[in-house]
Amino acid sequence: MSPADRSLLLRRFSDLVGEHQEELAQLEVENAGHTIGNARWEAGNVRDVLAYYSAAPERNFGRQIPVAGGIDVTFREPLGVVGIIVPWNFPMPIAGWGFAPALAAGNTVVLKPAELTPLTAMRLGELALEAGIPEGVFTVVPGKGSVVGERFVTHPDVRKVCFTGSTAVGQRIMRGAADQVKRVTLELGGKSANIVFADSDLELAAARAPYGVFDNAGQDCCARSRILVQRSVFDTFMEHFETAVRGVVVTDPRDESAEMGPLISAGQRDTVRSYVEEATEDVDVAFRGDAPDGSGYWYPATVVLPRSTTDKVWQEEVFGPVVAVMPFDDEADAVAKANDTAYGLSGSIWTRDIGRGLRVARGVEAGNLSVNSHSSVRYSTPFGGFKQSGIGRELGPDALDAFTEVKNVFIATD
């Protein structure tokens with residue numbers, strides 16, 4: 001298919017997703033328990049990502065390289081079949097981040113949604129066919145990771161695996177892919193820091209902090225689940241933060257006012273509880289928000305004060321609405337505590353000194369940072385992690401590089 005025709009089909013796919021945005025959003029509320037506001041944004045993100053990469057096929061440039069004795073040109077060619085394994089926490093956007101650039105580069109895609117949340121992926125597969133994407137070019141295969149995902153790793157026709165999920169599973173995929181020297185992109189866990197300096201707008205930093213960690217009930221690899229506050233303003237920040245946490249609206253996700261819904265499953269709620277109620281070390285709960293009673297895997301927004309940087313709740317990814325808060329002394333101490341983790345995905349820095357913001361951002365070992373904001377992920381900019389948070393980058397203008405091979409051709413003219 002010509003690049004222009006491929007672009008046209010991706011634009012049609014984008015338009016069709018936009019026409020079905022409300023249907024997809026309502027389906028995601030049922031599928032994953034997301035708040036309706038978040039679900040509308042997520043469906044819109046798939047639409048926008050497809051629109052963004054619909055321009056890429058005709059701009060997937062090679063180069064002419066000056067050499068002696070002839071002409072040297074490079075081509076970017078598709079890999080072939082790409083297997084994409086999507087997690088349950090953000091089923092629609094993360095699927096789009098993989099399949100949109102992969103299709104734009106000319107690959108075929110087999111997408112495996114998470115066992116808990118297959119519905120929106122299956123609907124997107126139907127819309128792709130309706131848009132004119134040829135049958136077999138974008139295929140959705142629900143199933144267990146140990147079956148479908150494992151087949152992506154072992155099947156020789158799958159040339160690349162994109163996986164978003166836990167670090168432990170990502171490590172297994174990487175080991176398996178080594179047998180065929182298969183390419184991987186891994187977006188894994190996180191334990192990101194929200195660093196609040198004394199010179200920041202404390203009221204604003206405290207008001208925004210809950211939405212940097214409790215969005216999607218904390219089931220977010222980019223969640224700022226560790227808050228570092230400069231010691232001289234720690235008590236003042238905590239007063240404002242308590243007001244903000246108690247103000248988070250936790251209710252039926254279909255309610256237009258909902259800001260946080262339930263956890264995905266009973267098992268996930270048990271895991272989250274284990275870091276607070278069943279922890280082997282003492283965990284001091286500073287305060288909690290509210291959560292409904294009755295059906296649903298509810299857990300209140302919870303703020304804890306770890307005794308040390310070795311506490312589990314400070315070091316491990318809880319993946320729920322639990323945030324640990326700790327004081328720091330100066331820039332060096334803040335950077336050291338932020339980096340004291342196996343992960344390096346995201347983070348925030350709050351300060352009125354932009355020089356400090358840049359210094360600390362350069363010092364923190366993470367792939368996606370924001371200053372005076374928690375918004376560090378955009379489809380037009382690269383996304384990925386340092387250390388055990390993953391390998392490779394998604395999104396941004398260079399995303400097609402990860403889905404293509406570079407072929408070099410020399411033509412003798414002597």
Side-chain angles (χ1 to χ4, degrees), residues 10-54 84 86-100 103 109 111-131 133 138 140 142 164 210-223 248-265 268 291-292 295-298 319-321 374-375 377-380 383 394-395:
L10 289 173
R11 285 196 292 274
R12 286 179 183 167
F13 191 6
S14 171
D15 291 343
L16 204 54
V17 170
E19 291 171 16
H20 290 266
Q21 182 178 359
E22 185 64 20
E23 174 200 341
L24 287 164
Q26 295 290 346
L27 187 59
E28 197 67 289
V29 174
E30 299 296 328
N31 192 44
H34 291 190
T35 64
I36 185 59
N38 281 5
R40 288 181 181 129
W41 179 90
E42 290 155 19
N45 183 259
V46 177
R47 175 202 61 210
D48 295 344
V49 168
L50 280 165
Y52 181 78
Y53 288 110
S54 72
I84 299 175
V86 179
W88 49 256
N89 61 327
F90 289 105
M92 279 196 290
I94 292 175
W97 299 356
F99 68 67
L103 292 171
V109 168
L111 176 73
K112 191 203 89 65
E115 297 97 301
L116 290 169
T117 54
L119 301 182
T120 45
M122 294 167 68
R123 185 65 181 123
L124 287 169
E126 293 172 351
L127 293 175
L129 289 172
E130 189 176 333
I133 303 291
F138 177 43
V140 179
T164 300
Y211 305 99
V213 63
F214 300 137
D215 182 58
N216 198 27
Q219 300 166 128
D220 181 355
C221 51
C222 288
V248 175
V249 180
V250 185
T251 188
D252 186 326
R254 292 167 293 193
D255 192 315
E256 295 286 345
S257 67
E259 294 179 320
M260 188 176 110
L263 291 163
I264 188 69
S265 66
Q268 186 62 23
S295 62
Y297 306 115
W298 301 101
F319 223 60
H374 297 305
S375 176
V377 182
R378 293 170 178 79
Y379 60 78
S380 57
F383 174 71
E394 298 176 301
L395 302 176

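Heads up: numbering here begins at 1 and tracks the sequence. If you're wondering where the values come from, they're calculated on a predicted model, not measured in any experiment.
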Decide, yes or no, whether a salt bridge links Arg40 with Glu256 under the criterion of side-chain N to carboxylate O below 4.0 Å. yes
Thr35 side, atom OG1; Asp255 side, atom CG - distance, nearest 0.5 Å: 10.0 Å
In the structure I gave you, are the side-chain heavy atoms of Arg254 and Glu30 within less than 4.5 Å of one another anywhere? yes
Which pair of non-hydrogen atoms, one from Gly96 and one from Val49, has the smallest distance, and what is that distance? O-CG1, 3.6 Å
Could you tell me whether the side chain of Val250 reaches within less than 4.5 Å of the side chain of Pro292, counting heavy atoms only? yes
Testing the basics here: between His34 and Pro91, what is the closest heavy-atom pair and its distance to 0.1 Å? CE1-CD, 4.0 Å
State the CD1-OG1 distance between Ile94 and Thr164, to the nearest 0.5 angstrom. 5.0 Å
List the steps, then state whether side chain to side chain contact (heavy atoms under 4.5 Å, CB included) holds for Phe99 with Val140. CA-CA 11 Å; Phe99 68 67; Val140 179; over 6 Å; no
Ile264 side chain reached by Asn89 side chain, heavy atoms, under 4.5 Å: no
Smallest separation among heavy atoms of Trp298 and Thr251, with atom names: CH2-O, 3.3 Å
Testing the basics here: between Ala25 and Ala43, what is the closest heavy-atom pair and its distance to 0.1 Å? N-CB, 4.4 Å
Quick one, Thr117 with Met92, criterion side chain to side chain contact (heavy atoms under 4.5 Å, CB included). Give me CA distance, side-chain angles, the key distance, then yes/no. CA-CA 10 Å; Thr117 54; Met92 279 196 290; over 6 Å; no
Beyond-backbone contact of Leu263 with Phe319, side-chain heavy atoms, under 4.5 angstrom: no
Do Glu259 and Phe214 come within less than 4.5 Å of each other through their side chains, counting heavy atoms only? no
Would you check, one step at a time, whether the test side chain to side chain contact (heavy atoms under 4.5 Å, CB included) holds for Leu127 with Leu24? CA-CA 11 Å; Leu127 293 175; Leu24 287 164; 4.1 Å; yes
Phe383 side chain reached by Cys222 side chain, heavy atoms, under 4.5 Å: yes
When rounded to the nearest 0.5 angstrom, what is the spacing between CZ in Phe138 and CG in Leu103? 6.5 Å
Where Pro142 and Pro118 come nearest, the two heavy atoms and their spacing: CB-CB, 4.4 Å
With the side chain counted from C-beta on, respond yes when Ser14 and Asp48 share a heavy-atom pair under 4.5 Å apart, and no when they do not. no
How close do Gly33 and Pro253 get, counting heavy atoms only, and between which atoms? O-CB, 3.6 Å
What's the separation between atom CG in Leu27 and atom CZ in Arg123, rounded to the nearest 0.5 Å? 8.5 Å
CG (Asp215) and CG (Asp220) are apart, to the nearest 0.5 Å, by 6.0 Å
Looking at CZ of Phe90 and CD of Glu28, how far apart are the two atoms once the value is rounded to the nearest 0.5 Å? 10.0 Å
Could you tell me whether the side chains of Asn45 and Glu42 share a donor-acceptor contact shorter than 3.5 Å? no
Give a yes or no on this: more than 12 heavy atoms of other residues, nucleotides or ligands lie within 6.0 Å of atom OH of Tyr297. no
Heavy atoms, side chains only, cut-off 4.5 Å: are Glu19 and Leu16 in contact? yes
Under a 3.5 Å threshold, yes or no: a donor from one side chain and an acceptor from the other, between Asn216 and Asn38? no
